[in-house]
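Please read the structure below before turning to the comments.
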Amino acid sequence: MRKLDESLLTHLPPFSELGREQIREILDRATPQRYDTGDTVFHEGEEAGRFFLLLDGYVRVVRMTAEGEHVTVLHIAAGQLFGIAAALGNERYPASAVAASDTIALGWPMRLWHDFTATYPGFAASGYKTVGNRMEEIHKRVVEMATQQVEQRVANALLRLITQMGRRTDAGIEVDFPITRQDLSEMTGTTLHTVSRLLSAWEKRGIVESKRKHIMVREPHQLVMLAEPAVSS
DNA sequence: CCATTAAGCGACA
DNA sequence: TGTCGCTTAATGG
């Protein structure tokens, strides 16, 4: 295997404050790995043996309920760390990580998390910031789930997707990985039928456009309107 | 307002 | 040809 190029990491937050030598050392201990769409990077409850940096593609973080239903907790985009259980003091992964598209990730043994945070300035801070940002996002969603109706929740989920993992096209902003109605329903705590009906209705109004596994938002502003809590009743 | 059940259709491998 | 993604209608909580 060819040596990894240092430029892979130099702009990324966890490494941006590090020198070339330090990045070299970190890269030399990394194991690159490909995952096909749908592949599981690690399973919920598994011993947390490695942490990862997503180099390319998208990963979704999924929890399983007692009844065996999937709940998508959040999505990870390229450049972000994931599986950093050690930063949370966990011995096991609290959720599963599934490749939402074909992806490439770097993996390190979890014990190196402690080495890295102790040795490299900025690495720990960046890791905790990542954790903090995700906590905040999850908290927002908890409030959403408790207070908003399904249409608002789905609109919000779609807005987050195009904001964080959208690809601009001439006709609008498209979710940059294959996504089904089932996926959206697992993000919003509803059924694929309800998502299907909502998307059909939005499509008739020209707000979105979708083919199988593709969703494009043509009128983000309209979606923002829909995402706001209903005024009455 | 929304979940569930059921039926049917086209895309895809 | 079988599976998957999607749509729609009907029903009921």
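Chain letters run A, B, ... following the sequence lines, proteins first and then strands; every chain starts at 1. No experiment lies behind these values; they were computed from the predicted model shown. Atoms considered below: every heavy atom in the structure, side chains included; atoms not considered: hydrogens, waters and symmetry mates.
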* **Donor-acceptor contact present, side-chain Gln33(A) to main-chain Gly107(A), <3.5 Å** => no
* Asked: Between atom CH2 in Trp202(A) and atom C1' in dC6(C), what is the gap in whole Å?
  -> 16 Å
* Asked: Would you say the side-chain atoms of Arg92(A) pair up with the backbone N or O of Ala85(A), donor to acceptor, closer than 3.5 Å?
  -> no
* Whole-Å distance separating the CG atom of Leu198(A) from the P atom of dC6(C) -> 14 Å
* To do: Looking at every strand, decide which applies to Thr180(A) at a 4.0 Å heavy-atom threshold: base, sugar-phosphate, or nothing.
  => sugar-phosphate
* Asked: Which part of the nucleic acid, if any, lies within reach of Ser210(A) when heavy atoms closer than 4.0 Å are counted: base, sugar-phosphate only, or nothing?
  -> nothing
* Side-chain donor/acceptor of Arg212(A) to base of dC12(B), under 3.5 Å -> no
* Asked: Side-chain donor or acceptor of His193(A) under 3.5 Å from a matching atom on the base of dT4(B)?
  -> no
* Asked: dC2(B) phosphate, OP1 or OP2: any side-chain N/O from Thr191(A) under 4.0 angstrom?
  -> no
* Structure fact -> When rounded to whole Å, the CG to P distance for the pair Leu226(A) and dC1(B) reads 13 Å
* **Interatomic distance where CD belongs to Glu203(A) and C1' belongs to dT8(C) [whole Å]** => 15 Å
* Contact summary for Gln164(A) and Ala77(A), nearest pair of heavy atoms -> O-CB, 4.4 Å
* Asked: Within less than 4.0 Å of OP1 or OP2 of dT8(C), is there a side-chain N or O belonging to Ser200(A)?
  -> yes
* When the distance from NE2 of His214(A) to P of dA11(B) is rounded to whole Å, what number comes out? -> 14 Å
* To do: Starting at atom NZ of Lys211(A), determine the distance to atom P of dC6(C), rounded to an integer number of angstrom.
  => 13 Å
* To do: Would you mind classifying the nucleic acid contact of Arg181(A) as base, sugar-phosphate or nothing, using non-hydrogen atoms under 4.0 angstrom?
  => sugar-phosphate
* Could you check how far CD of Gln182(A) sits from C1' of dG5(C), rounded to whole Å? => 10 Å
* Provide, to the nearest angstrom, the distance between the NZ atom belonging to Lys204(A) and the P atom belonging to dT7(C). => 10 Å
* Quick one: label Ser196(A) by what it contacts on the DNA or RNA (base, sugar-phosphate, nothing), any heavy atom closer than 4.0 Å. => base
* Asp183(A) (side chain) donor-acceptor with Thr180(A) (main chain) under 3.5 angstrom -> yes
* Is Glu144(A) salt-bridged to Lys140(A), going by a charged N under 4.0 Å from an acidic O? -> no
